[in-house]
A.B. asks: 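Sharing a structure with you now.
Quick note on labels: first sequence line is chain A, next is B, and so on, each numbered from 1. Remember, it's a predicted structure, so these values are computed and weren't measured experimentally.
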Number of protein chains: 2
Amino acid sequence: MPAPRRFSRRRLQESALALVDAEGLGALSMRSLAAALGTGAMTLYNYVEGREGLEELLVEAVMAEAVCEGVPSDDWRADVRALATATWRAVRAHPDVIPLILTRRTFDEATLVQGEALLDALARGGRSGAGLLVGLRVVTGYVMGFAQAELAGPLSAGRGESVSAITDRVRALPPERFPRLIDAAATAAGSDPRAEFAAGLEVVVAGLDAAPPA
Amino acid sequence: MPAPRRFSRRRLQESALALVDAEGLGALSMRSLAAALGTGAMTLYNYVEGREGLEELLVEAVMAEAVCEGVPSDDWRADVRALATATWRAVRAHPDVIPLILTRRTFDEATLVQGEALLDALARGGRSGAGLLVGLRVVTGYVMGFAQAELAGPLSAGRGESVSAITDRVRALPPERFPRLIDAAATAAGSDPRAEFAAGLEVVVAGLDAAPPA
DNA sequence: CAGCTTCACGTACACCGTACCTAAAACCTT
DNA sequence: AAGGTTTTAGGTACGGTGTACGTGAAGCTG
């Protein structure tokens with residue numbers, strides 16, 4: 001009965017993501033996205049539940065890119081690594097969306113599938129019940145925490161800021177009070193984020209191996 | 001020479017924190033905080049660098065509550081546990097500020113001191129260089145990630161939402177596709193967040209113990 | 001007592017999300 | 001074929017936001 005919908009959900013996601021990737025989160029508004037689509041702001045309300053729904057759309061788009069092949073395998077450790085890394089890579093590809101991801105508890109398809117797969121891998125590692133839940137929390141916590149660290153860290157250049165804005169700021173600290181922080185910042189400035197993430201993940205996996213599942 | 005300042009920084013922090021704790025982050029605006037202080041909105045600009053500065057003020061106030069006694073001790077593992085727990089408790093005491101904490105890279109005194117202490121503990125655990133940096137990332141990542149999980153999780157009641165809104169939502173999922181998620185949600189609903197955090201932290205510490213510092 | 005410096009704070013503007021409304025488009029009746 | 005019905009498109013307008021700018025007063029210094 002209705003007039004045919006002008007836009008698909010995918011189309012909205014693509015436009016929104018392109019806009020945010022190009023001009024930053026601050027450039028996203030109902031009006032700006034509508035303009036990018038060549039329509040009026042109020043039209044978007046036929047596709048999305050207000051501003052909140054728009055942001056969910058974006059998060060969903062990013063998480064959907066976290067595809068992970070070869071899971072489940074016969075090696076639960078490899079699976080945990082693969083799942084965590086896939087999520088992290090997807091998030092990292094769209095740094096401007098990170099604030100939205102961090103401040104939301106998402107329930108999109110992709111996140112649920114990844115969560116289920118992660119639980120499955122951990123279960124194959126011998127965890128169950130509360131111990132399984134703890135394992136999930138540790139792994140997802142690590143991924144999210146690392147993403148947060150990358151928000152304005154020396155790893156990624158914030159919009160308009162130098163790559164090492166943070167590093168510079170730490171370097172300016174009183175060396176007698178924060179010697180280790182200054183040292184760590186110098187180390188971070190010259191390190192590869194992928195290697196850092198992988199090394200941290202190794203610590204997590206080692207912990208899962210060593211800690212008794214209660 | 002000047003007219004004496006009407007407000008102290010501490011006073012602003014207390015008012016802002018009280019306002020946010022009582023009415024949520026959405027209730028915080030230049031005007032609302034000014035009104036709570038009995039003044040006009042523009043006055044705040046004499047104390048704070050715009051909205052951004054106001055939010056930093058809040059984060060600083062929360063982080064300052066993360067006091068940690070008895071560190072450093074002669075047990076680096078205990079120190080890591082104590083520091084992580086102190087930060088988490090402070091954050092958890094003001095859940096409405098969590099979005100601000102997560103979306104910001106903070107440089108207030110308290111955070112720096114905690115970071116330095118954490119690095120010191122990890123160094124006593126035999127880490128240095130890149131391995132030390134990784135240890136820092138893992139621990140702070142875990143704390144931040146856990147805080148994020150608590151945003152709207154079954155652990156804390158979101159403003160106006162039932163304590164188990166998330167749990168309910170997971171329970172409504174197709175059981176044949178997400179059996180483990182549903183199970184985990186049920187476990188989470190009945191678990192104590194403090195115990196969960198402690199157990200996860202134990203996994204992290206075990207990982208730090210087991211993983212070679214490169 | 002000037003005079004300068006600093007703070008207090010009202011006004012005004014651009015921009016935001018969105019409640020509400022109108023018109024047109026496509027299907028379902030009769 | 002014509003009318004009714006239902007859904008989408010999209011404009012208008014309102015209350016709220018952050019803040020640039022300007023004015024006025026208050027206190028120290030000469």
A.B. asks: Look at all strands and tell whether A:Tyr47 reaches a base, only sugar-phosphate, or nothing, counting heavy atoms closer than 4.0 Å.
C.D. replies: sugar-phosphate
A.B. asks: Examine the base of C:dG17 for any acceptor or donor lying under 3.5 Å from a partner atom in the side chain of A:Arg31, and report the outcome as yes or no.
C.D. replies: yes
A.B. asks: Decide, yes or no, whether a salt bridge links B:Arg81 with B:Glu202 under the criterion of side-chain N to carboxylate O below 4.0 Å.
C.D. replies: yes
A.B. asks: Verify the contact: side-chain N or O of B:Arg6 to OP1 or OP2 of C:dC9, cut-off strictly under 4.0 Å; return yes or no.
C.D. replies: yes
A.B. asks: Take the protein atom CE of A:Met30 and the nucleotide atom C1' of D:dG11, then report the distance between them rounded to whole Å.
C.D. replies: 16 Å
A.B. asks: Choose from D:dT17, D:dA20, C:dA8 the nucleotide whose nearest atom is closest to any side-chain atom of B:Met42.
C.D. replies: D:dA20
A.B. asks: Rounded to the nearest angstrom, tell me the gap between atom CZ in A:Arg5 and atom C1' in D:dG10.
C.D. replies: 14 Å
A.B. asks: May I ask you to say what B:Ser29 touches in the nucleic acid, namely base, sugar-phosphate or nothing, with a heavy-atom cut-off under 4.0 Å?
C.D. replies: sugar-phosphate
A.B. asks: Just to confirm, is there a sub-4.0 Å distance from OP1 or OP2 of D:dG10 to any side-chain nitrogen or oxygen of A:Thr43?
C.D. replies: yes
A.B. asks: Take atom OH of B:Tyr45 and atom C1' of C:dT11, then tell me their distance rounded to the nearest Å.
C.D. replies: 14 Å
A.B. asks: Charged N to carboxylate O below 4.0 Å: is that the case for B:Glu52 and B:Arg104?
C.D. replies: yes
A.B. asks: Is the phosphate of C:dC7 approached by B:Asn46 (side-chain N or O, under 4.0 Å from OP1 or OP2)?
C.D. replies: no
A.B. asks: For the pair made of CG in A:Leu37 and P in D:dA9, what is the distance, rounded to whole Å?
C.D. replies: 11 Å
A.B. asks: Do the side chains of A:Glu56 and A:Arg51 get close enough for a salt bridge, i.e. N-O under 4.0 angstrom?
C.D. replies: no
A.B. asks: Cationic tip of A:Arg9 within the cone over A:Tyr47's six-membered ring, i.e. under 6.0 Å and within 45° of the normal?
C.D. replies: no
A.B. asks: Rounded to the nearest Å, what distance is computed from the CG atom of residue A:Leu33 to the C1' atom of nucleotide C:dT18?
C.D. replies: 15 Å
A.B. asks: Within this structure, what is the CZ-to-C1' distance between B:Arg51 and C:dC15, rounded to whole angstrom?
C.D. replies: 15 Å
A.B. asks: For the pair made of CD in A:Glu55 and P in C:dT18, what is the distance, rounded to whole Å?
C.D. replies: 10 Å
